[in-house]
Amino acid sequence: MTKIIEGKLDARGIKLGIIVSRFNNFITEKLLDGALEGLKSHGGQDDDITVVRVPGAFEIPLLAERMAASGKYDALVCLGAVIRGDTPHFEYVSDAVTRGIGEAISRYRIPIGFGVLTTNNVEQAMERSGSKDANKGYEAALTAVEMINVIRQLPE
Ligand code: INI
């Protein structure tokens with residue numbers, strides 16, 4: 001018989017670290033609200049959730065690496081908002097944060113939900129930091145939960 005393995009959206013008992021950047025905090029705080037709502041509405045407990053704030057998206061990967069290396073978290077969620085301006089800075093920051101988070105996943109082999117917006121303007125960022133399904137923080141948090149639950153079901 002075909003074996004199908006799927007992860008439940010059940011956050012009970014999952015130790016979750018959330019890294020959120022302050023740059024564009026009018027967006028990132030809404031991503032954080034979304035992530036916390038996603039976790040708590042799926043059984044997540046306050047005591048199992050740690051939120052760490054960093055200055056900008058560029059600083060997220062270092063914290064992701066350190067928190068992953070600590071072994072204290074089952075999964076991480078990274079939240080940030082990189083919004084295109086008039087200079088190439090946008091490309092450098094968005095490339096660095098995306099690559100850095102990917103490297104942390106490969107090195108420490110824990111799920112990291114990617115809730116870092118990279119948008120052309122503020123309007124696009126607002127559209128992605130709304131309520132529930134229209135909030136990338138909510139989506140990233142539940143993706144991390146699903147991933148840890150699917151990994152736990154894999155044979156050793
Ligand atoms: N950081 C962001 O999180 N979003 C941005 O849009 C952004 N822009 O456009 O400059 C940004 N820059 C700051 C960067 O992340 C670092 O904090 C900074 O360069 C100091 O290392």
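Order of listing sets the numbers, starting from 1, for every ligand and every atom in it. Keep in mind the model is a prediction, meaning the values are calculated, not measured.
- For the residues E59, R22, E91, the heavy atom positioned nearest atom 18 (C) of ligand 1 is part of E59.
- The shortest contact between atom 3 (O) of ligand 1 and any protein heavy atom is with A57 N, 2.8 Å.
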Can you list, pair by pair, the side-chain donor-acceptor contacts under 3.5 Å of residues 89-97, counting residues two or more places apart and other chains?
from: E91; atom 1: OE2; to: R84; atom 2: NH1; distance (Å): 2.7
from: S94; atom 1: OG; to: F90; atom 2: O; distance (Å): 2.6

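- Using a 4.0 Å cut-off between charged nitrogen and carboxylate oxygen, R53 and E29 count as a salt-bridge pair.
- Contacts between N24 and ligand 1, counted as non-hydrogen atom pairs separated by less than 4.0 Å, involve the side chain only.
- Taking the side chain to side chain donor-acceptor pair (under 3.5 Å) definition, one finds that R152 meets it with D74, sequence neighbours left out.
- In terms of heavy-atom proximity, L36 sits nearest to I18 at CD2-CD1, 3.9 Å.
- Of all protein heavy atoms, the one closest to atom 19 (O) of ligand 1 is H89 NE2, 4.0 Å.
- Under 4.0 Å is where a charged nitrogen must lie from a carboxylate oxygen, and between K8 and E146 no such pair does.
- Taking distance alone, with nitrogen or oxygen atoms compared against 3.5 Å, A81 approaches ligand 1 more closely than that limit.
- Heavy-atom proximity to G56, at under 4.0 Å, picks out these atoms of ligand 1: 3 (O), 15 (O), 17 (O).
- Using a 4.0 Å cut-off to heavy atoms of V82, the atoms of ligand 1 that qualify are 4 (N), 5 (C), 6 (O).
- Within a 6.0 Å radius of CZ in F58, no more than 12 heavy atoms belonging to other residues, nucleotides or ligands are found.
- Among Y92, F90, F23, F58, the residue whose heavy atom lies closest to atom 11 (C) of ligand 1 is F23.
- No option in D47, D33, D46 other than D46 meets the salt bridge (Lys or Arg N to Asp or Glu O under 4.0 Å) test with K40.
- The shortest contact between atom 9 (O) of ligand 1 and any protein heavy atom is with I83 O, 3.9 Å.
- Looking at ligand 1, you won't find any N or O of V93 less than 3.5 Å from one of its N or O atoms.
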